[in-house]
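Have a look at the structure below before the remarks.
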Amino acid sequence: MDIDAIKTQVDFEIGSVDSVRSLEAFRLKFLGRKGIIAQLTSSIPNLHPQERGAFGQEVNALKNKVSSLITEKQRSIASGSGESRQRTYDIGMPGIAQELGSLHPLTQVLNEICGIFKKMGFAVVEGPEIESEYNNFTGLNIPLEHPSRDVFDTFYLKGKERLLLRSHTSPVQIRVMKKQKPPLAVIVPGRVYRPDAVDASHSFMFHQIEGFMVDRNITFADLKGILEVFAKAVFGEDIKMRFRPHFFPFTEPSAEVDISCIICKGRGCSVCGKKGWLEILGSGMIHPNVFKHVGYDPKKYTGFAFGMGVERIAMLKYGINDIRIFFENDLRFLKQF
Ligand code: PHE
């Protein structure tokens with residue numbers, strides 16, 4: 001047999017080997033027990049004794065060549081080159097880490113507060129950010145000459161209908177009470193808008209949570225009890241609360257609610273302005289005129305309402321001293337929650 005012709009054949013055939021299966025066929029053909037190289041080896045004794053040595057060396061060289069071609073092919077098939085579609089994976093390679101997002105701190109505080117009231121049986125209701133003047137003011141017993149109706153305190157929309165961006169979440173009281181009869185226990189989270197100059201404690205958009213409860217025989221004591229559960233759940237069991245007389249057109253009597261300063265525990269510091277108390281919300285018993293606007297009989301029903309600023313609660317809870325940071329979307333801030 002012509003060894004050079006066999007070498008050419010080897011080089012030609014290895015080129016079309018592209019899978020584990022065709023490689024095995026190639027191996028059997030040349031290196032198998034009855035393969036071409038075995039045939040060459042068994043033909044040696046038939047040769048002239050002087051030719052045997054040189055021929056034997058050539059057969060050996062051919063055998064080594066075929067072996068190394070096979071090893072090479074095995075590697076290239078395993079690493080997935082060619083058309084083999086066989087792959088191995090390097091499980092020691094570093095992975096591609098997926099960054100985890102989280103809820104905005106305001107969303108977290110809002111969810112926490114709504115969760116507390118839900119446990120006490122309140123239903124969560126939302127209302128539109130574009131409101132009628134009636135729902136935002138008139139229905140809430142806010143007189144025409146009240147300063148909050150001024151264009152400097154409310155964003156009015158262009159057009160004849162006197163639509164506006166709600167300046168508080170209280171208009172949702174009107175919406176809910178017009179649709180439903182007592183008993184009612186409702187919590188309303190949402191955005192509100194006021195044309196304030198932006199500074200560390202003012203933003204033209206912020207979030208409020210409104211709450212109200214209406215039924216026969218709802219009293220101020222119910223308001224106090226519910227708010228105490230809320231304040232202790234958010235700020236801790238040893239917080240103290242006080243109700244300070246105040247005025248709102250839509251509640252009578254009205255009160256602002258303070259908690260003992262969570263920084264100095266009431267001793268007086270820069271956060272509470274040396275007062276030892278922090279204002280957290282406005283509240284009161286729903287005014288009979290509001291009930292008249294929604295068609296409830298004020299002799300039959302009583303109710304309380306309260307409203308709080310979510311940013312303010314979050315700032316107190318986390319010791320944040322500038323409201324603007326909530327809206328800057330700076331990841332260095334957001335990643336801390
Ligand atoms: N709407 C009031 C405000 O924005 C808060 C409030 C709500 C007060 C309900 C009393 C009752 O300031």
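The residues of the chain are indexed from 1 along the displayed sequence. Please read these numbers as outputs of a predicted model, since none were measured by experiment. Order of appearance sets the numbers: ligands from 1, and atoms from 1 within every ligand.
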Tell me, yes or no, whether the heavy-atom count around K181 atom NZ, taken from other residues, nucleotides or ligands under 6.0 Å, exceeds 12. yes
Are the ring centres of F204 and Y193 closer than 6.0 Å? no
Intermediate values then yes/no, side-chain contact (heavy atoms from CB on, under 4.5 Å), L184 and F212: CA-CA 8 Å; L184 282 178; F212 56 99; 4.3 Å; yes
Using modelled atom types only, decide if a donor and an acceptor are shared between the side chain of T8 and the backbone of D4 within a distance under 3.5 Å.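 Yes: the side chain of T8 pairs with the backbone of D4.
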Would you check ligand 1 and list the protein residues that come within less than 4.0 Å of it by any heavy atom, ordered by chain and number?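 If the criterion is a heavy atom under 4.0 Å, then ligand 1 touches H168, S170, R194, Q208, E210, F248, F250, T251, G282, S283, A305, F306, G307.
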Taking atom types as modelled, is there a side-chain donor on T302 or N217 under 3.5 Å from an acceptor on the other? no
Scan side-chain atoms only and decide if Q9 and E13 contain a donor-acceptor pair under the 3.5 Å cut-off.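 The answer is yes; a qualifying pair exists.
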